[in-house]
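Here's the structure, in structure tokens; my notes come after.
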Amino acid sequence: MTFETENRFIKIAIIFSFISLALGGLFGLIQLLARTPYVLNIDPHIYYMVLTGHGVLMAIVWTAFFIMGIAVFVTTRVLNVNLNKPLLNLALILSLLGTVLVAIAILSGQANVLYTFYPPLKAHALFYLGATILVIGTWIFATVIFLAFFKWRKEHRKEAIPLPMYGVIATLIVWLEATPGLAVEVLKDLIPMSLLGSSVDVLEARTYFWYFGHPLVYFWLIPAVTLWYFAIPRILNTELFSETMAKVVFVLFIITSTPVGVHHQLVDTGIDPSYKYLHTVLTYTVAMVSLLTAFNIIATMEKSYREKGGKSMFGWITSLPWKNPAFASLGFAFIIFGLGGIGGIINTSYTMNYVVHNTVWIVGHFHAMVATAVTLTFMGATYILSPFIFGRNIFSNKMALLQPYLWFIGMLIFSISYHIAGISGMPRRVSSILSYPIVPQEWITLSQIAMIGGIILVLSGILFISNIGLTLIKGPIVSMNGASLNLNSKTDPTLLDNLKIWIIVAVILIVIAYALPFSEIYSRGLSPVPPRLP
């Protein structure tokens, strides 16, 4: 079976994601240097432009396009099916068009509303229009994947869903659960605010945003977890410790990823504390999912060591193939995932959140998760899948091996510095801490240390982008001939493979979790305020 259209989609989506990663990384460097006292002095308007660009490009565009490319690869190779070509092309065109419109609005300085685009701050209508078109493109893309999955399912009713495909489906289900919140906010509030100057209730809009904003984290994370489940056992020449546990993880992601967003609003007045507690408890459920993932991966690593005759208690750690670029990337991403997860539990704690809210602690946590647990995993996956996707082996294994080590070291320095600075009260979302009347020396010192970590991260990113660029031009050519991965499961399906049940449970939880705060907001009456430019 040939996958000409699908392969073209994969290449365009992934190359575009790398362009977004490079541009977003440049914005991140400018932002970091500007925030570090006495290093780079830029106009606050420019600072907030690059801050918005960095957040949108890295959190949404880089991840979304890479995930779409990988999803097509997994669907076609694992299920050995062709996709609906007209719909697939339409999804790509709309996603690219929406991204370009958003980029125009940001780069023209007319959308300095940050990644959260909180009203009453107002961006140009192109920003909101582009976001809408991008989301519509992703919905069409999800339809394409589901149509292929349904077609496969009709012919394989007596087989369990292959684990990589299960991860793809879980990712798209979470995306479809989450994006209605964004759609309502943009169509109901933000576009009318931008075009007509309509007033907006801030609490209502923030609640709709976080209905989307936190599940977005799991839209990134589920593909990373899927790649761990798929790639790490194969690198170690063993089987995953428990495929059943892995599917339980995906089911719990489906059920609990979306009804948790209010834990981002623990300091917001106007939402009853009992509703905040509900979302906090559900967030702790997702934390348990992370612990299950950690157990499954670590058990797989130790299992491989024991199968090869290893006897010592911790010998499995040093026996791991740390000189393999792909494994080093996945392994370091997994380690940072554990550290970031601990911080996430603090973020969602009803009382401790008051200490770290709106400080650079959040920046340190966020970069540990999306910038390492997710991004470094995607980089490692690129090293593995380059022959399949680009028909070429990686240009330089030495560059590929050095890159994840630099990323790991840089992220530890950057993230830990910001975590400590956050505890001491250093604020986020400000262009310069020197604007404060009193600036503790600790803030300045930790900012400078974090800058060193950030520069190391940039060097690692340059290595990655350069290596991939050289791979596309000079990498050793290999022929995979559209090979299937032949991962169809021959085991019988279980209750975990009945996705309808888990989707119904998820919808019920979402309705309960959000009907309560929204009923309070609407029954009390809205308090709209007029928009203002950043």
Side-chain angles (χ1 to χ4, degrees), residues 45 48-49 51-53 55-57 59-61 64 91 93-140 142 175-216 219 258 261-262 264-265 268-271 429 510-511 513-534:
H45 184 81
Y48 287 110
M49 181 188 76
L51 176 56
T52 302
V56 172
L57 285 171
I60 298 177
V61 180
I93 291 170
L94 290 177
S95 299
L96 291 171
L97 174 62
T99 301
V100 169
L101 294 179
V102 168
I104 290 172
I106 293 174
L107 295 176
S108 64
Q110 300 180 80
N112 296 351
V113 291
L114 311 190
Y115 152 73
T116 50
F117 43 88
Y118 282 162
L121 294 181
K122 181 177 72 170
H124 193 280
L126 273 182
F127 179 83
Y128 304 121
L129 178 63
T132 302
I133 293 173
L134 172 60
V135 170
I136 292 173
T138 63
W139 286 349
I140 295 172
W175 180 253
L176 294 178
E177 289 174 355
T179 45
L182 178 65
V184 170
E185 182 192 14
V186 170
L187 296 176
K188 177 183 178 297
D189 292 330
L190 301 184
I191 289 180
M193 177 186 72
S194 182
L195 290 176
L196 306 175
S198 303
S199 297
V200 177
D201 183 277
V202 172
L203 180 61
E204 177 200 25
R206 283 167 69 103
T207 306
Y208 276 121
F209 176 84
W210 286 116
Y211 176 108
F212 158 79
H214 195 81
L216 179 63
F219 172 71
T258 302
V262 171
H264 284 267
Q265 300 175 265
D268 287 2
T269 57
I271 298 178
R429 293 192 174 114
I510 292 169
V511 170
Y514 276 101
L516 296 171
F518 275 120
S519 64
E520 179 185 16
I521 291 170
Y522 290 125
S523 63
R524 185 176 56 245
L526 301 180
S527 301
V529 295
R532 53 170 294 180
L533 292 174

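Side chains are part of it too, since the values below use all heavy atoms of this structure and drop only hydrogens, waters and symmetry mates. The first residue in the sequence is number 1, and the count goes up from there.
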Side-chain donor-acceptor pairs of residues 103-111 under 3.5 Å, sequence neighbours excluded:
from : atom 1 : to   : atom 2 : distance (Å)
S108 : OG     : I104 : O      : 2.9
S108 : OG     : A105 : O      : 3.0
S108 : OG     : Q110 : NE2    : 3.0

Practice item. Flag the pair V56 / F117 as yes when at least one side-chain heavy-atom distance between them is below 4.5 Å, and no otherwise. Key: no
Ignoring hydrogens and angles, write down the donor-acceptor pairs under 3.5 Å from the side chains of residues 178-189, residues two or more places apart or on other chains.
from : atom 1 : to   : atom 2 : distance (Å)
T179 : OG1    : W139 : NE1    : 2.8
T179 : OG1    : W175 : O      : 2.8
K188 : NZ     : E204 : OE1    : 3.3
K188 : NZ     : E204 : OE2    : 2.8

Check your understanding: Between Y514 (side chain) and G261 (backbone), is there a donor-acceptor pair under 3.5 Å?
Key -> yes
Review point. What is the distance from atom CZ of R206 to atom OG1 of T116, rounded to the nearest 0.5 Å?
Key: 8.0 Å
Review point. With sequence neighbours left out, what residues match P530 under side chain to side chain contact (heavy atoms under 4.5 Å, CB included)?
Key: S199
Revision key, fill the gap. Interatomic distance, CG@L516 vs CD1@I521, rounded to 0.5 Å, equals 11.0 Å
Point to revise | Under 3.5 Å: donor-acceptor pair, side chain of D268, backbone of L203 | key: no
Practice item. Kindly indicate whether the side chain of W210, heavy atoms from C-beta on, has any atom under 4.5 Å from the side chain of V262. Key: no
Indicate every side-chain donor-acceptor pair of residues 120-137 with a distance under 3.5 Å to a residue at least two apart or in another chain.
from : atom 1 : to   : atom 2 : distance (Å)
H124 : ND1    : L126 : N      : 3.0
Y128 : OH     : A123 : N      : 3.1
T132 : OG1    : Y128 : O      : 2.9

Point to revise | Residues that R524 engages under salt bridge (Lys or Arg N to Asp or Glu O under 4.0 Å), provided they are two or more places apart | key: E520
Practice item. Check whether any side-chain heavy atom of Y118 lies under 4.5 Å from a side-chain heavy atom of V113, and answer yes or no. Key: no
Check your understanding: Which residues satisfy the ring pair (Phe, Tyr, Trp, His ring centres under 6.0 Å) test with Y115, sequence neighbours excluded?
Key -> F209
**Study point:** 4.5 Å side-chain heavy-atom contact, F212 and L216
**Key:** yes
